[in-house]
Amino acid sequence: MIHVTLPDGAVKVLPSGSTPMDVAMSISEGLARNVISAKVNETTVETTTPITTDAKVTLFTFDNEDGKKAFWHSSAHILAQALEKLYPGVKLTIGPAIENGFYYDVDSPTPIREEDFKKIEDTFLECAREKADFIMRSVSKTDALAKYKSEGNEYKIELIENLNDGEITFCDHSNFTDLCRGGHIPNTGIVKAFKVMNVAGAYWRADQTKNQLTRVYGISFPKQKMLDEYLDLLEQAKQRDHRKIGKELELFTFSNKVGQGLPMWLPKGAMLRERLEQLLKKAQLKAGYLPVITPHIGAKDLYVTSGHYEKYGADSFQPILTPHEGETFLLKPMNCPHHCEIYKSTPRSYKDLPIRFAEFGTVYRYEQSGELHGLTRVRSFTQDDAHLFCRPDQVEDEFKKVIDLVLYVFKALGFENYTAQISLRDPENKTKYIGSDENWIKAERAIVKAANEKGLKTVVELGEAAFYGPKLDFMVKDALGRSWQLGTIQVDYNLPERFELEYKGNDNEMHRPVMIHRAPFGSMERFVAVLIEHCAGKFPLWLTPEQVAILPISEKYNENAEKLLNLLNNYEIRGFVDDRNEKIGRKIRDTELKKVPFMLVLGEKEVENNTVSVRKHGEGDMGTFKIEEFANIINEEIKKNLVNN
RNA sequence: GCCGAUGUAGCUCAGUGGUAGAGCACUUCCUUGGUAAGGAAGAGGUCACGGGUUCAAGUCCCGUCAUUGGCUCCA
C-alpha cells in the first residue's frame, strides 16, 4: 500500500501501482470524470501513470492552469496528426501549449492557408473522436534518431541530439507518434471543440538566421460551449480595439503622407491626453518634481556619451546634418541625456538632492515596420518622463515614493489589477549591459528591497533589464483580463558616471548621484490605447471628451440649449448641443453610440420650468432635475471616480 | 526586417475578365417632433501606386507602398 497526500493535506491509502485516476475515483466519480492530468510530487504525469511510492498528488481538471496546459499540449499532438494527414511530407518541429491554446511549428512543403482551416479543424475532430489513448514510452537515443533520420526531419534530430540517452520519450496515440516529454490528458476524445486561430511565420528556435517555419495556432476545449464563449470574448476584444474606437471617437489618426507609425492626435484625443497629463502634473508638483522642457534633437555626441548611439544608432532614425561639415544631430530617443545636462548646468550640493526633473518628452525610435501597431507601438511618442537625481542614501525612499505615484495613477484610472515585474540582468550574458558589476548589484538590490517593502506582488525576469540598469515594470490587467506593460521605474548608476554627474557632499568632497528614471504612464500613446481597450471607450467622466450632450426636442429650443451649455461650462462641465434637424429618438441613439455619459433633453416643459431631463448612457431616463442639481450630480460623480489624496 | 493576408466613396463592406455598387455619414428640401434610426432628392471613386497579360483589368501576373496577423526586436 502507498500513502498519497493531496494538496489539502488529506491522505489516501491505496494499493501500490494506483494511478492518479484511481486517486480521483477514491474521492468522487464526478472528479474522476473531469480529471485530465496530474502532478506526482513535482512531475506532471498522465492520469494513467502508476504511483509506486508514497507521494504528493495534485489532480488537475480543465479549470486549473496545469490542466489546461496538459489539455492544450495534448491537443497539439492531435493537430500535428491532422497536419501530417493533410500535408504529406510536413516536418513537425515543436508544439507547446501557450497562454490561450497552443501552436505547432511545421516545415510544410505546401503552404498552409486560411481557406484550409476548416479542413484542418474537421480532420482534427475526426482524429479526436477516435478516443485514442495517449501512451508514453521510453526510446533509446539511437532509435529515436533513427526514426527521424528515416523521415528526414532535421528539426527533431536537433532536438534529440540535445537530450541524454535514457530520458527520451515518445508519445503515441492512434497511429501517430511524436517526441514528447509528457503531461497528457487520458485520450483524444476529451477534446470536443477545436479551432485554428491563425497561421504565421516563425523562425526555428526563434532565430532570425534559421529557417522560417509555419506556425499553426489553435485552441481547443472540452466543451463546444466553452469555445463559443472564448470566441465571443475575442469578438468583444475586437470591439474594444483602440484603433477602431480611436477612429469612431475621433481621438487620433495616421497618415501615410506623414509617415508610418507617426500618430496625430485629433482635438478630442489631444484634450483627453492633456487631462491625463494634468492629473500627473498636479501629483508631481505635490511630490516635489520640477518641470523642464528640452529640445527634440541633440548633438550626436550626447548619445555617444550615454551609450545609446553605440547600442541603437544603426537601427535608429539616421543623423540630422547641417550646412556645416561634421555637425550632426540625432532625434532624441530618450530624454535622460538632456536631463543629465540640465543637472550639470550648475554645481549641486548634497542639500539640493533629490532633484526631480519631469518632462512630457516626445521621443523618436525607428521601430521595425512589422512591429508598428496602432498607438501601442509607434515611432514617435511622448513619455511622461522624469529623472530623479539623489544621494545613495535617498534611493530607496525615492523609489518607494515613485511606486506610490505609479499606483496613484493606476487607481485614478481604474486599473485595479496589476503585478510588478522586476527586470534584472541576464547573468549569462553580461556584455549586453554597461556599467560595473558593483553598481548593478546595488541597483538590483535597491529595486527588490523597495518592491518588497511596498508589498507589491512581483515576478522576477532575468535578462529583461535595460542596458543601463534594472527595472521595475508595472503590468496591468484590463477589463478582459489581458496584460499590458505600462509604467516603469529604473535605478541607474551608470548614466551619472558616463555624464560625470556630481554633487558636493557634507564632507566637502565630490560625489556621484544615483538616477531614477520613471514613467507612470510609460508613453501617453500606449497608455491611452490601453485605457481605451480597458474601458471600451467609456472613459471616466472627468476624462471623457464630452460629458454631456444637450438634445433639444426641436429646433425651437436650440437657442435655449446653447444658453444651457454656456451655463454648464461655468460649472466646468463640457459638452455640445445636437442642433441637427432630427427627432429626439435619433439624437439619443447617435449620442448613445458616441458613448457620451449624460444626455440632457430640452423641450417645452424644461424651458418653462428651468429644468433638464437627464438620461444616462447605457442606463436611460433618470428623470427631471434643476440645472444646479444636475451640475452637482455630475460633479459628485467626477469626484467619485477620481481619487483625491 | 522576415512569413502570410488585405488595400474599392469620409466609414463599414459587396462586386470572380465586359458601362464602378450598397448601407451609414455628408449637402439641400420637406417635416418641428418627448427618450435608441421621420421622408425625399443630391453630391461623392485615377478601384493604394507603377508596370505587364488581354480586343477588354477593380478582377489575372510582377513590383512598390501601406494596413494587418504572427516571428524577431523593444533605450
Side-chain angles (χ1 to χ4, degrees), chain A residues 103 105 111-115 197-217 241 243-244 247-248 250 253-257 259-261 303 306-313 315-316 332-337 363-374 376-379 383 385 423 432-434 464-469 471 485 488 490 492 495 517 519 523 526 551-558 580-594 599-606 613-624:
Chain A
Y103 64 79
D105 280 351
I112 299 173
R113 301 175 173 283
E114 216 171 313
E115 40 289 14
M197 300 309 294
N198 198 8
V199 280
Y203 300 105
W204 170 236
R205 308 221 131 175
D207 183 340
Q208 244 181 104
T209 62
K210 302 249 169 78
N211 249 359
Q212 184 142 14
L213 308 168
T214 306
R215 177 167 298 178
V216 182
Y217 284 89
D241 192 315
R243 293 167 299 183
K244 176 178 143 73
K247 196 180 274 179
E248 285 168 0
E250 299 168 2
T253 191
F254 290 88
S255 158
N256 296 340
K257 302 253 166 69
Q260 260 192 300
Y303 303 100
S306 71
H308 290 100
Y309 189 77
E310 194 200 342
K311 187 100 181 140
Y312 296 103
D315 299 319
S316 295
K332 74 174 167 189
M334 283 293 279
N335 299 303
C336 21
V363 295
Y364 303 86
R365 298 179 184 175
Y366 192 80
E367 305 291 357
Q368 292 182 43
S369 61
E371 196 46 55
L372 301 172
H373 178 94
T376 58
R377 200 72 190 276
V378 286
R379 285 177 174 167
Q383 295 179 312
D385 214 354
S423 301
K432 281 186 352 201
Y433 311 95
I434 58 173
E464 292 293 310
F467 74 95
Y468 50 73
K471 305 191 285 184
Q485 191 201 311
T488 177
Q490 308 168 6
D492 183 359
L495 287 188
H517 309 239
S523 103
R526 189 181 165 76
L551 314 180
I553 290 286
S554 82
E555 287 179 338
K556 274 187 265 175
Y557 309 105
N558 280 356
R580 293 176 306 164
N581 178 6
E582 291 292 350
K583 288 175 132 174
I584 193 67
R586 178 53 181 273
K587 292 185 183 181
I588 286 169
R589 178 185 153 80
D590 289 349
T591 315
E592 286 284 346
L593 292 177
K594 278 199 244 173
M599 282 163 253
L600 304 181
V601 176
L602 196 67
E604 192 181 353
K605 278 186 290 181
E606 291 79 7
S613 176
V614 180
R615 197 189 149 96
K616 202 168 177 186
H617 173 78
E619 289 179 27
D621 202 346
M622 291 174 73
T624 306

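Naming: A, B, ... by sequence-line order, numbering from 1 per chain. The basis for the numbers below is simple: all heavy atoms, side chains too, and nothing from hydrogens, waters or symmetry mates.
- Remark: A:Gln260 is in phosphate contact with B:rA66, judged by side-chain N or O atoms under 4.0 Å from OP1 or OP2.
- A salt bridge links A:Arg243 with A:Asp241: at least one charged nitrogen is closer than 4.0 Å to a carboxylate oxygen.
- Here the shortest heavy-atom pairing between A:Val199 and A:Val216 reads CG1-CG2, 3.9 Å.
- Comparing B:rA37 with B:rG23, their C1' atoms are spaced 12 Å from each other, to the whole Å.
- Between the base of B:rG1 and the side chain of A:Tyr203 there is a donor-acceptor pair shorter than 3.5 Å.
- When distances run from any side-chain atom of A:Gln212 to the nucleotides B:rC3, B:rA75, B:rU67, the shortest one goes to B:rC3.
- Mapping A:Arg243 and A:Leu213 onto RNA chain B by nearest heavy atom places A:Leu213 at the nucleotide closer to the 5' end.
- Relative to the side chain of A:Ala200, the nucleotides B:rA66, B:rC74, B:rG70 differ in distance, and B:rG70 lies closest.
- Taking the ring axis of A:Tyr366 as reference, the NZ or CZ atom of A:Arg379 stays within 45° of it and closer than 6.0 Å to the ring centre.
- Between A:Asp241 and A:Lys311, the residue whose closest nucleotide on RNA chain B is further toward the 5' end is A:Asp241.
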Contact pattern, 5' to 3', of nucleotides 45-50 of chain B - B, S or - by protein heavy atom under 4.0 Å: ------

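- Pairing each heavy atom of A:Glu592 with each of A:Gly618, the nearest pair is OE1-N, 3.1 Å.
- Nucleotides B:rG1 and B:rC60 are separated by 30 Å at their C1' atoms, to the nearest Å.
- Listed here is the closest heavy atom pair of A:Glu604 and A:Tyr557: CB-OH, 3.3 Å.
- With hydrogens and angles left out, the side chain of A:Arg377 and the base of B:rC74 share a donor-acceptor pair within 3.5 Å.
- In this structure, A:Glu582 CD and A:Ile584 CD1 are separated by 11.0 Å, a value rounded to the nearest 0.5 Å.
- Atom CG in A:Leu495 sits about 13 Å away from atom P in B:rA75, given to the nearest Å.
- Pair assignment for B:rG4: B:rU68, on the basis of Watson-Crick or G-U wobble contacts that are both within less than 3.5 Å.
- Taking atom C1' in both B:rG17 and B:rC13, one finds a spacing of 22 Å when rounded to whole Å.
- Rounded to a whole angstrom, the distance from the C1' atom of B:rA5 to that of B:rC26 is 32 Å.
- Nucleotides B:rA57 and B:rG50, compared at atom P, are 15 Å apart to the nearest Å.
- Look at the C1' atom in both B:rC30 and B:rC65: the space between them is 47 Å, to the nearest Å.
- Closest approach of A:Leu372 to A:Glu367, counting heavy atoms only: CD2-CB, 3.9 Å.
- Going from the P atom of B:rC2 to that of B:rC11 covers 29 Å, rounded to whole Å.
- When the C1' atom of B:rC74 is taken as reference, atom CD of A:Gln383 falls 12 Å away, rounded to whole Å.
- Annotation: side-chain contact (heavy atoms from CB on, under 4.5 Å) contacts of A:Asp105 (sequence neighbours excluded): A:Thr93, A:Ile94, A:Tyr103, A:Ala202, A:Leu213, A:Arg215.
- Under the Watson-Crick or G-U wobble criterion, with both distances below 3.5 Å, B:rA57 has no partner in any strand shown.
- Annotation: B:rU54 and B:rA48 have their P atoms spaced 23 Å apart (nearest Å).
- Nearest heavy-atom pair, A:Ser306 versus A:Pro337, reported as atom, atom and distance to 0.1 Å: CB-CG, 3.9 Å.
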Expected string for nucleotides 31-36 of chain B under the B/S/- scheme (protein heavy atoms, under 4.0 Å, primed atoms plus P, OP1, OP2 as sugar-phosphate) is BBBBBB

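- Under the Watson-Crick or G-U wobble criterion, with both distances below 3.5 Å, B:rG10 is paired with B:rC24.
- Here the C1' atom of nucleotide B:rA75 and the NZ atom of A:Lys432 are 13 Å apart, to the nearest Å.
- Within the 4.5 Å cutoff, no side-chain heavy atoms of A:Ile553 are placed close to those of A:Leu602.
- Residue contacts for A:His373: at a heavy-atom cut-off of 4.0 Å it reaches the sugar-phosphate backbone alone, with no base atom in range.
- Following rounding to the nearest Å, A:Leu372 (CG) and B:rG69 (P) show an atom-to-atom distance of 11 Å.
- In this structure, B:rU19 forms no base pair with any nucleotide, since neither Watson-Crick nor G-U wobble geometry is met with both distances under 3.5 Å.
- Between A:Lys257 atom NZ and B:rU67 atom P the separation is 14 Å, expressed in whole Å.
- Heavy-atom contacts from other residues, nucleotides or ligands closer than 6.0 Å to CD of A:Glu310 number 12 or fewer.
- Of all the heavy atoms in A:Phe467 and A:Lys311, the pair that sits closest is CB-CE, 3.6 Å.
- Rounding to whole angstrom units, CZ of residue A:Arg379 and C1' of B:rA66 are separated by 12 Å.
- In this structure, CD of A:Gln485 is placed 9 Å from C1' of B:rC74, rounded to the nearest angstrom.
- The aromatic ring of A:Tyr217 does not stack onto the base of B:rG70, failing the criterion of a centre distance under 5.5 Å from the six-membered base ring together with planes under 30° apart.
- Remark: C1' of B:rC2 and CG of A:Asp105 are 14 Å apart, rounded to the nearest angstrom.
- Of the nucleotides present, none pairs with B:rC73 by Watson-Crick or G-U wobble criteria with both distances under 3.5 Å.
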